[in-house]
Amino acid sequence: MASIARDKNGSRRILFVAPDGKRPTIRLGKVSQRDAESIARHVEALLVAKTANQPIPQPTAVWLSGLPQTLAAKLARAGLIELPETKVTTLGLFLETYLDGRADLKPATKIVRRQVVRNLKEFFGELRDVRTVTPGNADDFKQWLVGLKLASATISKRLQVARSFFHVMHRRKLIAENPFDDVRAAATGIKDRLRFISREEIDRVLDACPSIDWRVIVSLARYGGLRTPSETLSLRWQDIDWAAGRIVVQSPKTSHHPGKGTRTIPLFAELRPILTEAFELAPEGAEYVVDPRFRKAAMGPGGWLNTNLRTTFIKIICRAGLPVWPRVFHNLRASFETELVESYPVQTVTSWLGNSPSVALRHYLMTTKEHFDAAVKGNDSAAKIDPNKAAQKAAQQVRETSSNKQQAFTTNIENPLVFPHNTSICDTLLTGEVAATGFEPVTHGL
């Protein structure tokens, strides 16, 4: 029969005599007397079944099925049960098999995630048993990424992807806990890379563009808010409704989300003269607004990754005599969104640009010098505002935003911009490898 002993430190253990005459001990740790007695009863049932060569009683069999792995191992060492053989799942095999089986991921997304797979295999080893990865190991992996001198946003994203991999392992009961649950890194420095590109600066860039295609690319980013290269190079002539003043934007980046494959934006007044000129110069039967050779060069096995638009655009910025700003295309889109929120409700602006208010606040909207200047001057001008007119204007805006009718957008195509074709060669070019994540912010749901 099994008996319970209590040590001086409060720990309990079960003592019994095995069929071979040995006296094994099962150490339970600091458990209650009631729990110890329950375990002892099951130990006695296992002992009787083993001695009489009989099946394990049903209540004990059910108890064994939900037993913690540590206690089951102690019973096995005492000779009361046999643990089933467990198949070792190696880190490299799981990651490669799981990623290959994700048919819902775009090729470009898989390329980005394979960067994390390479990091995990390099740090832990391909043959590492996933059950042996501890929270401490996950902390060490984070510090290893920091040692690679990666950007904080990159470290944050790679830890997020690693956490998602181990979350799947936990759901499939390959590991007892997710070691990356509490391992995170703040994506700092995002605001430091935002730069407002003024209309005066973009006019100089447009003057330096070598062709109508480049003037269209720059204009669609700065005065249309299109993502470049994917949305800009996907725009077709049939997507432009000249009479209604609307443009249907094809959005490959968000096409995997229901209802997010396209969005409609106004044919902004700044875009009409550029697009009109491009339409007049387009060859007969042209499908895409920008020459399709740009699209062909930008499309690779991983989607919109293999494009040299950034390299050429940096040359154009240099040719315009301007310093090269960070995230050259993203900041054009961000500058336009910053301007739009001055005149339209944020929910309208974000629906046009295809992001959310929270994403806009974090990644796009900026405080400009003009905001400071207007605030300083506002102290004197505020007293001159007629309260009745202010109330009338506010009421009018409420009626307009609550209306279901679309607002009309007026355009003016007089005095179209003239762009010289002869430009000087840029003497200085900032070079650097393009990250595999492309030029557009990544989406969630990894």
Side-chain angles (χ1 to χ4, degrees), residues 89-128 130 133 138 141-142 144-145 148 150-172 174-175 178-181 183-185 187 227-234 250-262 295-310 327 329-330 354-355 359 363 432-446:
T89 302
T90 60
L91 182 65
L93 178 62
F94 172 83
L95 293 177
E96 293 293 346
T97 303
Y98 170 69
L99 202 54
D100 289 341
R102 287 291 302 273
D104 59 318
L105 295 180
K106 294 182 178 181
T109 303
K110 286 190 175 183
I111 289 177
V112 174
R113 295 199 175 189
R114 288 194 187 281
Q115 293 177 337
V116 186
V117 170
R118 285 195 297 270
N119 288 153
L120 290 170
K121 291 195 297 186
E122 182 178 355
F123 182 79
F124 292 108
E126 290 190 40
L127 301 180
R128 179 70 174 264
V130 295
V133 179
F141 176 74
K142 172 185 174 180
W144 180 75
L145 291 179
L148 296 180
L150 300 173
S152 60
T154 302
I155 295 174
S156 176
K157 192 64 181 178
R158 293 194 183 183
L159 289 175
Q160 177 187 341
V161 175
R163 190 161 52 251
S164 71
F165 286 149
F166 280 85
H167 174 71
V168 174
M169 297 179 200
H170 185 232
R171 283 181 57 85
R172 297 183 181 183
L174 300 177
I175 55 178
N178 185 344
F180 282 86
D181 263 346
V183 182
R184 288 171 168 78
R227 296 181 177 96
T228 303
S230 61
E231 294 178 353
T232 297
L233 301 185
S234 297
Q250 307 292 329
S251 183
K253 177 181 174 64
T254 58
S255 60
H256 59 290
H257 296 298
K260 300 293 184 178
T262 63
R295 180 181 175 86
K296 183 178 180 180
M299 290 296 293
W304 298 94
L305 294 179
N306 304 323
T307 173
N308 62 352
L309 285 184
R310 180 180 181 273
R327 308 181 76 182
F329 285 111
H330 174 86
N355 52 27
V359 170
H363 295 281
E433 294 184 358
V434 178
T437 51
F439 309 124
E440 303 168 3
V442 295
T443 56
H444 294 284
L446 299 170

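Any value given below was found using the heavy atoms of this structure, including those in side chains, with hydrogens, waters and symmetry copies removed.
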For residues [X] and [Y], determine if any side-chain heavy atom of one lies less than 4.5 Å from a side-chain heavy atom of the other.
X	Y	value
R128	T90	no
T232	F329	no
S255	K106	yes
V133	L91	no

Can you name the closest pair of heavy atoms from [X] and [Y] and give their distance?
X	Y	result
I175	V130	CG2-O, 3.4 Å
L174	T89	CD2-OG1, 3.8 Å
R227	S251	NH1-OG, 3.4 Å
M169	L95	CE-CD2, 4.3 Å
L93	T97	O-OG1, 2.8 Å

About how many Å separate [atom2] of [Y] and [atom1] of [X], when rounded to the nearest 0.5 Å?
X	Y	atom1	atom2	value
Q115	L120	CD	CG	12.0 Å
K110	L99	NZ	CG	6.0 Å
K157	S152	NZ	OG	13.5 Å
N178	R171	CG	CZ	12.0 Å

Counterpart residues, side-chain hydrogen bond (donor to acceptor under 3.5 Å, both in side chains), relative to K142 (two or more places apart)
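With neighbours one apart ignored, the set is empty.
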Show the numbers, then the answer: is there a side-chain contact (heavy atoms from CB on, under 4.5 Å) between R184 and S156?
CA-CA 6 Å; R184 288 171 168 78; S156 176; over 6 Å; no
Residue among V183, T154, V116 satisfying side chain to side chain contact (heavy atoms under 4.5 Å, CB included) with L159:
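Of the listed residues V183, T154, V116, the side chain to side chain contact (heavy atoms under 4.5 Å, CB included) partner of L159 is V183.
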Assess whether a salt bridge exists between R114 and D100, defined as any Lys/Arg side-chain N lying under 4.0 Å from an Asp/Glu carboxylate O.
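Salt bridge flag = yes for D100 with R114.
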How about N119 and R158: does a side-chain donor come under 3.5 Å of a side-chain acceptor?
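The criterion, which ignores hydrogens and geometry beyond distance, is satisfied for R158 and N119.
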Using the ring-ring contact (aromatic ring centres under 6.0 Å, His included) criterion, which residues pair with F180? Sequence neighbours excluded.
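For F180 the ring-ring contact (aromatic ring centres under 6.0 Å, His included) partners, ignoring immediate neighbours, are F141, F166.
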Under the criterion side-chain contact (heavy atoms from CB on, under 4.5 Å), I'd like the reasoning laid out for E96 against K121: C-alpha separation, chi angles, the key distance, then a yes or no.
CA-CA 10 Å; E96 293 293 346; K121 291 195 297 186; 2.9 Å; yes
With side-chain contact (heavy atoms from CB on, under 4.5 Å) as the criterion, how do L145 and F123 come out once you've worked through the C-alpha distance, each side chain's angles and the decisive distance to 0.1 Å?
CA-CA 10 Å; L145 291 179; F123 182 79; over 6 Å; no
So does L105 get a backbone contact from the side chain of T109, meaning a donor-acceptor N/O pair under 3.5 Å?
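Absent.
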